[in-house]
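What follows is a set of notes on a single structure, which appears directly below.
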Amino acid sequence: MSNVIQTLRERGLLQDITDPALEDLCQKKSIRVYIGFDPTGRSLHAGSLVQLVTLRHFQLAGHHPIAVAGGGTGMIGDPSGRSSERNLQDDEELALNLAGIRKCMESFLNFEGENAAELINNGDWLGSLGFIEFLRDVGKHFRVNEMIAKESVRRRLEDQSGISFTEFSYMLLQAYDFWYLYKNHGCTLQAGGSDQWGNITAGADLIRKTLGGEAYGVTTPLLLDGQGRKMGKTQKGALWLDGDMVSPYEFYQYWVRQEDGDIGRYMKMLTFLPLEEIDAIVAEHEAAPEYRSGQKRLAYEMTLMVHGEAEAKKTQDAAATIYSGSLSGRTDDELRGVFQDAPSATIPRSELDEGVGTADVLVRVNLAPSKKEAKRLLSQGGVYLNNSDTPIDSEKRQLTVEDLASDSMMILRTGKKNYCLVSFE
RNA sequence: GGAUGGGUGGCAGAGCGGUCAAAUGCACCGGACUGUAAAUCCGGCGGGCGGAAGUCCUACGUUGGUUCGAACCCAACCCCAUCCA
């Protein structure tokens, strides 16, 4: 079998490993590896990409990936990296989230075939875990002294809001997850982000102490951008993988806007392009960074992986059109294709024949929250028609049939990237 | 339960009887500069009408009151923080 650990290392996906022996082990036999995912959203977001990619690497190498949705632990919340307790989720919401997460995962993992991936909910076993049983089998093996020494816990203890017992127990539950999976699913490896190291080793320790078994852990580095910030934040919020929450176009654009210096690293970590090819792409990019060829390739690959080929191509095409050409003289269908992800709106044709105030249209089309704001945009030169590079210059400008880009549509834009496709019917 | 302080725009935080749609900072939105970035600089940032000056409506925890006039004073209530029990 191919050496997954080596692959992860080459791609910058390996931060820590509990025992070097794992490298040999997973060349000799197919193992089961699990990663926990946070089920607090309807979709996974960019923060989970590294984990999804990691599982895929394992699957490609012939191992058996298990994605564990923290349905049980999600009701509690990991104190790591958050300063306040999260709200507890109810069952209905959780079920919805799980379905959404599964959908996101299908882009990365194969849920069929010989070493099919599995998605399981830890609520299935945590839900029926008795408190006494838990204290006896799990709690007994942990020293509170060590637990409160952990950075994540200590910070919360020092803070005024404190930490609830529930949250404090999180680590034990995650350890129990690993223990359970080891015992009942033959899972011998847990992977996760580097912030999970403590939780992972806690699980491996528990397995060793109580079952005398050998279990391993690997962590991936946190994916940070060139400025040391966490990846996946957009102005509107998280970069979700679900196309309904973040359109493929926005998703693509997110990657196009990355910095030059990060391109190679992201490609290694997040795509499955061969390393030599990545080197070639980076070299080409560095020769002429102003073309953003590296970013565009990264964006294409990411969109391809998450949203599929058809979307990736359309998106790529749309971006090329929007950032280069003029839009007039196109057909309705072409415009619809290019702007399929942009908001759109319909206004009765008769109004156009008479002429409509631009400010009114901006409000009706949701490009401006109020008429006052619309006027402000106009007076500051922030409104563009049909992708022209000169803004509409008058607040009183009326839109007429003359302004149509195609038979019945026009494109209004505010700022640099807020588009709306307006069709007059 | 008691004491004290406090609840103001998305957040933080001034204002403490008219000049307050409410300083300032952050966030946000335009613009300039750039390579679809960051930083920086300029403009804006409750809503309606108006070209504008302007004008009207809604808003300073809730409800009442005092006053020609209240974010600002009074009362009750509801929350929050800290200390005490």
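Throughout, protein chains are lettered first and strands after them, A, B, ... in sequence-line order, and every chain is numbered starting at 1.
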task = Give, for atom OG of A/Ser408 and atom CZ of A/Phe424, the distance between the pair rounded to the nearest 0.5 Å.
result = 9.0 Å

remark   = In this structure, OG1 of A/Thr414 is separated from CZ of A/Arg376 (nearest 0.5 Å) by 9.5 Å

Using a cut-off of 4.0 Å on non-hydrogen atoms, how would the nucleic acid contact of [X] be classed: base, sugar-phosphate, or nothing?
{"X": "A/Gln253", "value": "base"}
{"X": "A/Lys396", "value": "nothing"}
{"X": "A/Tyr252", "value": "nothing"}

Please state how far atom [atom1] in [X] lies from atom [atom2] in [N], giving the value in whole angstrom units.
{"X": "A/Arg413", "N": "B/U36", "atom1": "CZ", "atom2": "P", "value": "11 Å"}
{"X": "A/Glu373", "N": "B/G48", "atom1": "CD", "atom2": "P", "value": "10 Å"}
{"X": "A/Asp260", "N": "B/A38", "atom1": "CG", "atom2": "C1'", "value": "12 Å"}

ask   = With no hydrogens and no angle check, is any side-chain donor or acceptor of A/Asn199 less than 3.5 Å from a backbone partner on A/Gln196?
value = no

Could you let me know what [N] is paired to, Watson-Crick or G-U wobble, both distances under 3.5 Å, or none if it's on its own?
{"N": "B/U19", "answer": "none"}
{"N": "B/G1", "answer": "B/C84"}
{"N": "B/A75", "answer": "B/U63"}
{"N": "B/C28", "answer": "B/G44"}

task = Verify the neighbour count for atom OH of A/Tyr291: are there more than 12 heavy atoms of other residues, nucleotides or ligands below 6.0 Å?
result = no

Of A/His285 and A/Glu395, the one whose closest RNA chain B nucleotide lies more 5' = A/His285

task = Answer yes or no: side-chain N or O of A/Arg376 and base N or O of B/C29 forming a donor-acceptor pair under 3.5 Å.
result = yes

task = In whole angstrom, give me the gap between the C1' atoms of B/U67 and B/G17.
result = 9 Å

